[in-house]
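Some notes on the structure that comes next.
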There are 2 protein chains.
Amino acid sequence: MTDQETECPVETTLSLIGDKWKVLIIGELLAGMKRFGELHRTIPRISQKMLTQQLRQMEKDGLVNRKVYAEVPPRVEYALTELGRSLKPILHAMAKWGSNYKKGKKG
Amino acid sequence: MTDQETECPVETTLSLIGDKWKVLIIGELLAGMKRFGELHRTIPRISQKMLTQQLRQMEKDGLVNRKVYAEVPPRVEYALTELGRSLKPILHAMAKWGSNYKKGKKG
DNA sequence: TTTAAAACTTACCAAAAGGTAATAACATTA
DNA sequence: TAATGTTATTACCTTTTGGTAAGTTTTAAA
């Protein structure tokens, strides 16, 4: 990413969500805030390491909010920020296109 | 991709375009058909190998059309299919989101 | 004092992605 | 006959990605 003229905006978006795991995570969080463990149980295919990593990156990018409770055992809740929620139309459009695409492939 | 229940449709879409190079290629082809060399000159950062690879995959996925002329030296023209063009609103939405995001990061 | 629970963190390793550079193919032109 | 131009293909190698599994932290409960 030496970005000659600050990179194409589509690439910017993709660098934030163009990722198998992130769209799944966002999809889950669109339904409301979730604890780490809940997320993990909902998306079992992702490893703990990856889930942490992706969430942290999304937090840094301003897409999710991380709320840590001073409890033991720890409780951490993740929720989409407004910015994160603003991705909904895009994900929705992608979902629509994707299911339409699959329909074409089958029937 | 063992896909337990045929994969999330957003993932389907991402598997087709969730890729730095592909969105750039589609972006170019939205302006009209281009020869291989033209594409390469327009996107110099991509290697020849990658450009070929991505185009072939997009052809297989039904996003682009590959037209080979029986000439020497060879002439090959790439153009978006209707399916490929149907991605335009999505790319446009991503572009809009992305530039808005960057605006927020700066100002 | 040991155990348990939740959310990480780290080390290590295997697989995948992607770059470079050399090579092919072949009709036309010099 | 040799060079040229365009679109690939291939081998080799480096980098990146991501999985597994073990360890950490801290308080409360047994």
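Numbered from 1 within each chain, the chains take letters A, B, ... in sequence-line order.
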Please give, in whole Å, the distance from C/dA5 P to A/E38 CD? 17 Å
When rounded to the nearest 0.5 Å, the distance separating CD1 of A/I90 from NE2 of B/H92 is 11.0 Å
Path from A/L30 to A/W97 over hydrophobic side-chain contacts below 4.5 Å: yes
Over how many whole Å does the gap from A/D19 atom CG to D/dT16 atom P extend? 17 Å
Quick check against the 3.5 Å criterion: does B/K102 have a side-chain atom that pairs as donor or acceptor with the backbone of A/E7? yes
Distance, rounded to the nearest Å, where A/W21 contributes CH2 and D/dG18 contributes P: 9 Å
Return yes if some donor-acceptor pair links the side-chain N/O of A/E38 with the main-chain N/O of A/R35 below 3.5 Å, else return no. yes
Assign each of A/Q53 and B/E77 to its nearest nucleotide of DNA chain D by heavy atoms, then name whichever residue's nucleotide is nearer the 5' end. B/E77
Can you tell me how far P of C/dA5 sits from CZ of A/R35, to the nearest Å? 13 Å
Ignoring backbone atoms, test whether A/Y78 places a side-chain nitrogen or oxygen under 4.0 Å from the OP1 or OP2 oxygen of C/dC8. yes
Rounded off to whole Å, could you give me the CG-to-P distance for the A/L51 and D/dG18 pair? 13 Å
Counting only pairs under 3.5 Å, give me each side-chain donor-acceptor contact of residues 49-66 of chain A, with atom names and distances, residues two or more places apart or in other chains.
| from | atom 1 | to | atom 2 | distance (Å) |
| --- | --- | --- | --- | --- |
| A/T52 | OG1 | A/Q48 | O | 2.9 |
| A/Q57 | OE1 | A/K22 | NZ | 2.8 |
| A/R66 | NE | A/Y78 | OH | 3.1 |

Starting the side chain at C-beta, find the nucleotide from D/dT7, C/dA7, C/dA11 nearest to A/K49. C/dA11
Looking at every strand, decide which applies to A/Q48 at a 4.0 Å heavy-atom threshold: base, sugar-phosphate, or nothing. base
Quick check for you: to the nearest 0.5 Å, what is the distance between B/M94 atom CE and A/E11 atom CD? 10.5 Å
Write down the distance between NZ (A/K20) and C1' (C/dA17), rounded to a whole number of angstrom. 15 Å
Length of the CG-P vector between A/L39 and C/dA6, whole Å: 15 Å
How close or far is atom P of C/dC8 from atom CD1 of A/I46, stated in whole angstroms? 12 Å
Does A/S47 place a side-chain N or O at less than 4.0 Å from the phosphate oxygens OP1/OP2 of D/dG19? yes
Under 4.0 Å between a side-chain N or O of B/R45 and OP1 or OP2 of C/dG19? no
Mind running a 4.0 Å heavy-atom check of residues 61-75 of chain A against DNA chain C and sending the residues that fall below it, in number order? A/R66, A/P73, A/P74
Tell me whether B/T12 contacts the main-chain N or O of A/G98 through its side chain, where contact means a donor paired with an acceptor under 3.5 Å. no
